[in-house]
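Notes follow once the structure below has been shown.
When reading the values below, keep in mind they use all heavy atoms of this one structure, side chains included, and skip hydrogens, waters and symmetry mates. The first residue of the sequence shown is numbered 1, and numbering continues consecutively from there.
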Amino acid sequence: MKRWLPWIITAFAGFFLIWGLEPIGESILESARAGNSESGFIRFYPALQLKLKTFGPELLTEFLHQIKFRWLLLILLAGYLISFLKDGTPFQVPEKSLIWKVRLYFGIQLIYLPDLLKELTVRHQWKPFYSPLPIFRELIPAFPPIWILQFVVIFAFAVCAFFLLSKWKPSDKLPAWIAVAGLVFWTWLLAVFFGFGKIDHTYASLFSANIFLVIWLFYWRRFPEGGYNGFRLFQAGIWGCYFFAGLEKLLISGLSWINDQHFRNLCWLHPGPVCEWIGSVPFLPEFTLLTALLFQLTTAIQWRFPRWGYINCIGGFLFHLGTWIIFDIGGWQSPWILMLVFLWPLQHIVLSSKP
């Protein structure tokens, strides 16, 4: 009880604080609805007016009132992660095995960097429509010249080459800082990539894992014996993409997300080769959507039970295969597919509990 008491106090203190600030949020929404573009919040987040037109003031107000409950869920998740940071299983993973996981990750980065550069080259033809993301407005106000994009990609290649070709150890000073440089390059490239008013989730799991990889390498250098726990953090950056995507479906759409009408709407927006057939079979549309949602929400179980990774890998493969075949979204070449490799449970050495 003593261990959980700070979490309970934090959860309810934040809940009531956010509840008390809701009138301020409502006034911001009303200001945006009235078209007041001089508001400080709207200057920071100009997309709010577009969202008002898209969703309507009633739905955005509902989202505003939802924030306090999202806070409670966030604190609950944080407690879950910290409580099972060490799952109590007495085993070790060889350092060499973990190092090769890092090498494999940068090998995957190396595969997709040319693809990203090609995508950015295509977007260069549409640069008059470039609209910088709000937090990058000062850093990347206009679409950069091709030669700058090429140089950044070359530097990102150099980061991958370091981890793939050099002989490095987790205790060295360089690996973690070079990984930071790689993260900066990817962040910059993706900020340009997303600067056209639409977020593309193609590289989501790869980039999320990149963030947690940096944390892992710094953690590993500080606690050499904790390499496996750091790797679990890296895995959380991958399964967390699925978990939060499922949670968002529930928070925004609720159970309406799994009804037949929603499936028909998805088929109308993304008509795949078997959409119409699935929609014609009783209860199959609901079953399909419910199965996908359950897969996403249960990915977090891997944090407590590492062998749940078998289910996450197989479920993730079927999930992406299904979205490709049913809705013609993604494909076999998607980075999401390769990132599932890191969720496969590692072989480990069981330690004896005897003295």
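For the atom pair W324 CH2 and D328 CG, the distance stands at 9.0 Å (nearest 0.5 Å). Distance NZ/K127 to CG/L120: 13.5 Å, rounded to 0.5 Å. The CD atom of E22 lies 10.0 Å from the OG1 atom of T61; values are rounded to the nearest 0.5 Å. The distance from the CD1 atom of I329 to the OG1 atom of T202 is 11.0 Å, given to the nearest 0.5 Å. To the nearest 0.5 Å, the span separating SG on C267 from CZ on F327 amounts to 5.0 Å. Of the inter-residue distances, the one linking L340 atom CG with I314 atom CD1 reads 10.5 Å to the nearest 0.5 angstrom.
With hydrogens and angles ignored, the 3.5 Å screen pairs no side-chain donor or acceptor of Q296 with any backbone N or O of F244. Under a 3.5 Å cut-off, the side chain of S97 and the backbone N or O of V93 do not form any donor-acceptor pair. In terms of modelled atom types and a separation under 3.5 Å, the side chain of S27 and the main chain of I24 share a donor-acceptor contact. A donor-acceptor contact shorter than 3.5 Å is absent between the side chain of W19 and the backbone of K68. Under the 3.5 Å distance criterion, the side-chain polar atoms of N259 are matched with a main-chain donor or acceptor of S256. Side chain of S208 to main chain of G237: a donor-acceptor pair is present (N/O by atom type, distance under 3.5 Å, no hydrogens or angles). Distance alone, capped at 3.5 Å, places no donor-acceptor pair between the S334 side chain and the G331 backbone.
Taking the side chain as every heavy atom from C-beta outward, L29 and L64 approach each other to under 4.5 Å. The shortest side-chain heavy-atom distance between Q302 and N312 falls under the 4.5 Å cut-off. Contact of the F263 side chain with the I326 side chain is registered, since non-hydrogen atoms from C-beta on lie closer than 4.5 Å. Between I258 and F287 the shortest side-chain heavy-atom distance does not fall below 4.5 Å. Side-chain atoms of F231 and F212, non-hydrogen and from C-beta on, never get closer than 4.5 Å to each other. Residues L289 and L266 meet the side-chain proximity criterion, which asks for heavy atoms closer than 4.5 Å. Using a 4.5 Å cut-off on side-chain heavy atoms (C-beta onward), I82 and W7 make contact. Between R232 and Y228, some side-chain heavy-atom pair lies under the 4.5 Å cut-off.
Partner of H124 under the ring-ring contact (aromatic ring centres under 6.0 Å, His included) criterion, out of Y130, F193, F143: F143 alone.
For P23 against G20, the heavy-atom pair with the smallest separation is CD-O, 3.3 Å. Closest approach of L293 to G246, counting heavy atoms only: CD1-O, 3.5 Å. Nearest heavy atom pair, residue L98 against residue W216, reads O-CH2, 3.7 Å. The nearest pair of heavy atoms linking P144 to I140 is CD-CG2, 4.2 Å. Contact detail for I238 and A209: the closest heavy-atom pair is CG1-CB, 3.8 Å. Scanning both residues, W188 and I148, for their nearest heavy atoms gives CH2-CG2, 3.7 Å.
Under the 30°/60° scheme for interplanar angles, the aromatic rings of W239 and F243 are found to stand perpendicular. Classified by interplanar angle (parallel below 30°, tilted 30° to 60°, perpendicular above 60°), the ring pair F84/Y80 is perpendicular. In this structure, F129 and W126 have tilted ring planes: the angle between them lies in the 30° to 60° band.
Hydrophobic clustering keeps W100 apart from I108 (ILVMFWY residues linked when any side-chain heavy atoms are closer than 4.5 Å, directly or through intermediates). Hydrophobic clustering (side-chain heavy atoms under 4.5 Å, transitive across Ile, Leu, Val, Met, Phe, Trp, Tyr) groups V281 together with I278. Criterion: ILVMFWY side-chain heavy atoms under 4.5 Å apart, direct or through other members. Under it, W257 and L269 are not part of a common hydrophobic cluster. Two different hydrophobic clusters hold L76 and L17 under the rule that ILVMFWY side chains link at heavy-atom gaps under 4.5 Å. One hydrophobic cluster, built from ILVMFWY side chains closer than 4.5 Å, holds both W186 and F155.
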Please step through side-chain contact (heavy atoms from CB on, under 4.5 Å) for the pair T298 and W308, ending with a clear verdict.
CA-CA 9 Å; T298 57; W308 192 264; 4.0 Å; yes
Apply the test side chain to side chain donor-acceptor pair (under 3.5 Å) to residues W303 and Q235: give CA-CA distance (whole Å), side-chain angles for both, the deciding distance (0.1 Å), then the verdict.
CA-CA 8 Å; W303 182 255; Q235 288 181 316; over 6 Å; no
Chi angles and distances behind the ring pair (Phe, Tyr, Trp, His ring centres under 6.0 Å) call for Y242, W336:
CA-CA 10 Å; Y242 296 99; W336 288 89; 5.3 Å; yes
Do F234 and Y219 pass the ring pair (Phe, Tyr, Trp, His ring centres under 6.0 Å) test, and can you show the C-alpha distance, the side-chain angles, and the key distance before you say yes or no?
CA-CA 11 Å; F234 173 72; Y219 179 86; over 10 Å; no
Go through it in stages, so that I can follow the logic: the residues are Y203 and D115, the test is side chain to side chain donor-acceptor pair (under 3.5 Å), and I'd like the CA-CA distance, side-chain angles, deciding distance and then a yes or no.
CA-CA 11 Å; Y203 302 100; D115 178 72; 2.5 Å; yes
Run the side-chain contact (heavy atoms from CB on, under 4.5 Å) test on F157 and V152 for me, step by step, so that the C-alpha distance in whole Å, both residues' side-chain angles and the decisive distance to 0.1 Å come before the verdict.
CA-CA 9 Å; F157 259 96; V152 174; over 6 Å; no
Are L77 and L73 close enough, and set up right, to give a side-chain contact (heavy atoms from CB on, under 4.5 Å), and what steps lead you there?
CA-CA 6 Å; L77 176 64; L73 286 172; over 6 Å; no
Dump the intermediate steps for side-chain contact (heavy atoms from CB on, under 4.5 Å) on Y105 and L213, then the final yes or no.
CA-CA 9 Å; Y105 171 72; L213 176 85; 3.9 Å; yes
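A 6.0 Å sphere centred on CD of E138 holds no more than 12 heavy atoms belonging to other residues, nucleotides or ligands. Heavy-atom contacts from other residues, nucleotides or ligands closer than 6.0 Å to CG of L255 number 12 or fewer. Surrounding CZ of R70 are more than 12 heavy atoms belonging to other residues, nucleotides or ligands, all under 6.0 Å away. Around OH of Y310, the count of heavy atoms belonging to other residues, nucleotides or ligands within 6.0 Å exceeds 12.
Between the side chains of H262 and E286, no donor-acceptor pair is found at a separation under 3.5 Å.
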Kindly list each side-chain donor-acceptor pair under 3.5 angstrom involving residues 163-177, sequence neighbours excluded, with atom names and distances?
| from | atom 1 | to | atom 2 | distance (Å) |
| --- | --- | --- | --- | --- |
| S166 | OG | F162 | O | 2.3 |
| W168 | NE1 | F163 | O | 3.2 |
| D172 | OD2 | K169 | N | 2.9 |

